[in-house]
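Beneath this line is the structure, given in structure tokens, with notes to follow.
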Amino acid sequence: MPQLTILRYPDPRLHTVARPVAVVDERIRRLVDDMLETMYAAEGVGLAATQVDVHERVIVMDTSEARDRPLVLINPEIVARSDETVVAEEGCLSVPQIYDRVERAARVTLRALGRDGAGFELEAESLTAVCVQHEMDHLVGKVFVEYLSAFKRDRIRSKMLKRSREEQRRA
């Protein structure tokens, strides 16, 4: 299974809205497996297909302590959110080494298809709820830095562009 290339902010492809998966077939299962390998290798807890330049509604996550409980969400939709919110420090594989606090619903209920194509419902809280909301934002073309002030967003954009130029010079 090949590791996939993760797009970096401010790449405009990160703002592409993902389309629903028509059928969970071998191509989608291979994508899921490659995304899981990529996420684990990058030491992330979640990865949306948008981040690897595949604009379909697919998310992989693993918020377990032992990193041994992968969760696959195909065509996920949040059907309920708690009124209670939490503010948590978030990071993103597409915005490496940048962390900031974002307010999200404390609990969410969602429906999705699994890797096998079977539908299920999941009630998530704490880190899993935050991760679900963060990754689902990617599917609608939103990156967590868009929750921050324009000033912070501009600083992060400049920092990421500078880092990218430096990496290209070294390559």
Side-chain angles (χ1 to χ4, degrees), residues 3-24 27-28 30-32 34-39 42-63 70-81 85-115 122 124 127-165 167:
Q3 283 186 30
L4 305 169
T5 300
I6 298 171
L7 299 178
R8 293 240 187 120
Y9 180 81
D11 191 309
R13 294 172 290 181
L14 288 168
H15 299 293
T16 304
V17 175
R19 64 188 175 280
V21 172
V23 61
V24 179
R27 179 184 67 83
I28 293 296
R30 193 168 38 255
L31 172 64
V32 163
D34 292 346
M35 286 174 63
L36 282 166
E37 181 177 332
T38 302
M39 179 193 72
E43 299 181 8
V45 296
L47 185 66
T50 301
Q51 294 176 269
V52 294
D53 204 20
V54 176
H55 303 286
E56 294 181 86
R57 294 183 60 79
V58 177
I59 293 170
V60 297
M61 298 172 34
D62 189 342
T63 57
L71 178 62
V72 175
L73 306 173
I74 299 170
N75 294 336
E77 62 178 300
I78 294 177
V79 296
R81 295 176 194 268
T85 61
V86 294
V87 176
E89 187 164 89
E90 293 188 24
C92 181
L93 294 176
S94 291
V95 195
Q97 301 167 352
I98 303 290
Y99 302 90
D100 214 314
R101 298 170 64 77
V102 176
E103 185 175 15
R104 306 257 188 202
R107 289 175 304 287
V108 295
T109 302
L110 66 116
R111 285 192 197 112
L113 303 176
R115 186 182 182 281
L122 173 73
L127 177 59
T128 302
V130 168
C131 189
V132 162
Q133 293 168 87
H134 175 110
E135 298 308 331
M136 287 190 66
D137 277 351
H138 281 297
L139 299 182
V140 295
K142 190 169 187 176
V143 180
F144 91 97
V145 298
E146 293 171 49
Y147 287 98
L148 308 178
S149 70
F151 176 75
K152 281 186 176 181
R153 215 173 27 252
D154 288 345
R155 286 187 59 204
I156 291 167
R157 179 184 174 84
S158 295
K159 187 181 286 189
M160 294 301 295
L161 289 170
K162 180 181 178 188
R163 198 180 291 167
S164 179
R165 285 191 300 273
E167 288 171 358

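Across all their heavy atoms, C131 and G46 have their closest contact at SG-CA, 4.0 Å. When every heavy atom of A129 is checked against every heavy atom of A106, the shortest pair comes out as CB-O, 3.5 Å. Smallest separation of non-hydrogen atoms from M61 and L73: SD-CD1, 4.0 Å. Shown here for H138 and A48, the closest heavy-atom pair between the two residues is CB-CB, 3.5 Å.
With R8 as the partner, the side-chain contact (heavy atoms from CB on, under 4.5 Å) test is satisfied by one option alone out of P96, S94, S164: P96. With R104 as the partner, the salt bridge (charged side-chain N to carboxylate O under 4.0 Å, His left out) test is satisfied by one option alone out of E135, E90, E89: E90.
Heavy atoms of other residues, nucleotides or ligands lying less than 6.0 angstrom from CD of E167 number more than 12. Open room surrounds CZ on R155; 12 or fewer heavy atoms of other groups in view lie less than 6.0 Å from it.
Under the salt bridge (Lys or Arg N to Asp or Glu O under 4.0 Å) criterion, R153 pairs with no residue, sequence neighbours left out. Taking A42 as the reference, I6, L93 meet the side chain to side chain contact (heavy atoms under 4.5 Å, CB included) condition, with sequence neighbours excluded. Every residue was checked against the side-chain hydrogen bond (donor to acceptor under 3.5 Å, both in side chains) condition with T50, not counting sequence neighbours, and none meets it. T85 pairs by the side chain to side chain contact (heavy atoms under 4.5 Å, CB included) definition with E103, not counting sequence neighbours. Residues forming a side chain to side chain contact (heavy atoms under 4.5 Å, CB included) with P10 (at least two apart in sequence, or on another chain): R157, M160, L161. Remark: V54 engages L31, A49, V52, E56 in a side chain to side chain contact (heavy atoms under 4.5 Å, CB included) (not counting sequence neighbours).
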Can you check side-chain contact (heavy atoms from CB on, under 4.5 Å) on L14 and Y9, steps first, answer last? CA-CA 7 Å; L14 288 168; Y9 180 81; 4.1 Å; yes
The test is side-chain contact (heavy atoms from CB on, under 4.5 Å); show your working for D53 and H55 and say whether it passes. CA-CA 6 Å; D53 204 20; H55 303 286; 2.8 Å; yes
Could you walk me through whether V95 and I156 satisfy the side-chain contact (heavy atoms from CB on, under 4.5 Å) test, starting with their C-alpha distance in whole Å, then the side-chain angles of each, then the deciding distance to 0.1 Å, before giving a yes or no? CA-CA 9 Å; V95 195; I156 291 167; 3.8 Å; yes
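Note that CG of L71 and OG1 of T63 are 7.5 Å apart. Values are rounded to the nearest 0.5 Å. Taken from CG in L148 to CG in D154, the straight-line distance is 11.0 Å, to the nearest 0.5 Å. Here OG1 of T128 is found 13.5 Å from CZ of R107. Values are rounded to the nearest 0.5 Å. The CG atom of L139 sits 12.0 Å away from atom CZ of R19, with the distance rounded to the nearest 0.5 Å. Expressed to the nearest 0.5 Å, how far CZ of R30 lies from CE of M35 amounts to 14.5 Å.
Side-chain atoms of E37 never come within 3.5 Å of backbone atoms of D34 as a donor-acceptor pair (strictly under, hydrogens ignored). Using a distance-only test at 3.5 Å, with no hydrogens or angles considered, no donor-acceptor pair links the side chain of T109 to the main chain of V79.
Taking 4.5 Å as the limit, every side-chain heavy atom of V45 sits out of range of all side-chain heavy atoms of H134. The closest side-chain heavy-atom distance from I59 to P76 is below 4.5 Å. Within the 4.5 Å cutoff, no side-chain heavy atoms of V145 are placed close to those of D100. I74 places a side-chain heavy atom less than 4.5 Å from the side chain of I28. Side-chain contact check for R115 versus P70: every heavy-atom pair is 4.5 Å or farther apart.
Figure legend: K142 and Y147 shown as a cation-pi pair, the cationic atom lying under 6.0 angstrom from the six-membered ring centre and within 45 degrees of its axis.
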